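Here is the structure we will look at, set down as structure tokens.
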2 protein chains.
Amino acid sequence: METENAKTPKNDPAGQAQMRKGVLELCILCVLSEKDAYPSEIIEAMKDSKLIVVEGTLYPLLMRLKNEGRLAYEWKESTSGPPRKYYKLTPSGKELLQELYSSWNELVGSVDQIVKKYSSHIL
Amino acid sequence: METENAKTPKNDPAGQAQMRKGVLELCILCVLSEKDAYPSEIIEAMKDSKLIVVEGTLYPLLMRLKNEGRLAYEWKESTSGPPRKYYKLTPSGKELLQELYSSWNELVGSVDQIVKKYSSHIL
DNA sequence: TTTACTACTATGCATTGCATGGTATTAAAA
DNA sequence: TTTTAATACCATGCAATGCATAGTAGTAAA
């Protein structure tokens with residue numbers, strides 16, 4: 001019968017976008033573990049490590065983490081524009097950071113194992 | 001106004017599921033780079049590296065890769081049950097494997113950089 | 001014939017990255 | 001004062017994927 005399901009994706013040719021899923025959350029919590037920051041600061045910090053994040057990604061993510069109780073924020077005045085929302089980790093947010101960190105390390109370990117096992121056929 | 005958008009997720013507490021997105025594709029292509037295999041074999045190979053994959057995930061993924069021309073398959077008889085679909089990499093599939101491999105290494109590099117930068121606050 | 005096992009297929013949901021467009025506040029320019 | 005630009009935050013909808021769930025079908029054993 002030869003069914004034709006599972007449509008083919010359109011963009012994201014090298015799969016970068018999909019691989020980022022779940023990882024941005026870890027990175028953002030990481031950045032906030034050092035000091036409170038407002039969105040643009042977070043974007044800059046990520047960019048320094050070649051992880052480009054845009055507003056359309058970051059704002060919903062911060063909103064979600066705040067709704068989950070992982071983050072809190074407070075308004076602070078700015079000398080050059082409108083006031084800013086400074087986000088900070090809550091205790092629950094620190095727990096999540098630990099968990100995500102563990103998950104990430106596990107994943108890297110697993111993938112590395114597979115890649116190394118078959119690397120002779122890749123290179 | 002304090003809008004309440006960005007609903008909170010329900011399961012997947014430590015974010016493992018989300019982090020796997022895009023990575024399974026790399027791993028499956030990796031496994032197939034060594035030798036042709038049918039779905040259950042792939043699942044076993046992944047399990048050896050602690051990457052649990054289930055049918056509901058694997059079959060649609062194989063179907064998609066085949067529709068994209070990354071994989072091909074041929075039926076082979078089995079001594080203990082119905083015939084099996086043996087999947088193999090096409091040239092295009094080998095290219096994708098290279099690209100995903102690069103993307104993965106870049107991502108790991110970026111995340112490592114962020115995590116290391118702030119690791120004193122995590123531990 | 002019935003049961004159990006293996007293998008493949010189909011459907012729908014939840015989550016997240018992101019494109020897009022919008023609103024509000026402040027400061028500088030005209 | 002009014003206009004413009006820059007900064008910052010918010011809302012909506014789409015695309016993609018992992019996975020739960022349920023179904024179909026072929027083979028072999030009871």
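The structure presented is a predicted model; accordingly, all values stated were derived computationally and were not measured. Quick note: numbers below take in every heavy atom, side chains included, and nothing from hydrogens, waters or symmetry partners. Here is the naming used below: chain letters follow the sequence lines, and residue numbers restart at 1 for every chain.
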So which nucleotide from C:dT9, C:dC18, D:dC19 ends up closest to the side chain of B:T57? D:dC19
Could you tell me how far apart A:L100 (CG) and C:dT15 (P) are, to the nearest whole angstrom? 15 Å
Go through the N and O atoms of the side chain of A:E55 and the base of C:dC18, and report whether any donor-acceptor pair is under 3.5 Å. no
Taking CD from B:E44 and P from C:dA7, how many angstroms apart are they, rounded to a whole number? 10 Å
Which nucleotide sits closest to the side chain of B:K21: C:dA19, D:dC9, D:dG18? D:dG18
At 4.0 Å (heavy atoms only), tell me whether A:G81 reaches a base, stays on the sugar-phosphate, or touches nothing. sugar-phosphate
Could you tell me whether the phosphate oxygens of D:dA8, OP1 or OP2, come under 4.0 Å of any side-chain nitrogen or oxygen in A:S40? yes
Quick check for you: among D:dA16, D:dA8, C:dC8, whose closest atom lies nearest to any side-chain atom of A:Q18? D:dA16
What nucleic acid atoms does B:S78 come within less than 4.0 Å of, heavy atoms only: base, sugar-phosphate, or nothing? nothing
Nearest-Å distance, CG (A:L62) to P (C:dG17)? 11 Å
Please give, in whole Å, the distance from D:dT17 P to B:L26 CG? 14 Å
What nucleotide, of D:dG26, C:dT25, C:dG17, holds the atom closest to the side chain of A:L24? C:dG17
Measure from CG on B:L51 to P on D:dG18 and round the result to the nearest Å. 11 Å
Could you check whether any side-chain heavy atom of B:L71 comes within less than 4.5 Å of a side-chain heavy atom of B:K88, counting everything from C-beta outward? no
Assert yes or no for the condition that the ring centre distance of B:Y73 to B:Y86 is strictly below 6.0 Å. no
Counting only side-chain heavy atoms from C-beta out, which of D:dT17, D:dG18, C:dC18 sits nearest to B:E25? D:dT17
Spacing of A:R64 atom CZ relative to C:dT15 atom P, expressed in whole Å: 9 Å
Please determine, for the side chain of A:R20, which listed nucleotide (D:dC19, C:dC18, C:dC8) has the closest atom? C:dC18
Any chain of hydrophobic side-chain contacts (each under 4.5 Å) joining A:V115 to B:I43? yes
Tell me which of A:P82 and A:P60 sits closer to the 5' end of DNA chain D, going by the nucleotide each one is nearest to. A:P82
Does the distance from a Lys or Arg side-chain N to an Asp or Glu carboxylate O, for B:R70 and B:E25, drop under 4.0 Å? no
Using heavy atoms to find the nearest nucleotide of DNA chain C for A:P83 and B:R84 separately, return the residue whose nucleotide is more 5′. B:R84
In whole angstrom, give the distance that lies between atom OH of B:Y38 and atom P of C:dT9. 15 Å
Identify the two heavy atoms, one from B:C27 and one from A:V111, that lie closest to each other, and give their separation to 0.1 Å. SG-CG2, 4.0 Å
Distance test, side-chain N/O of B:Y59 to OP1/OP2 of C:dT9, below 4.0 Å: no
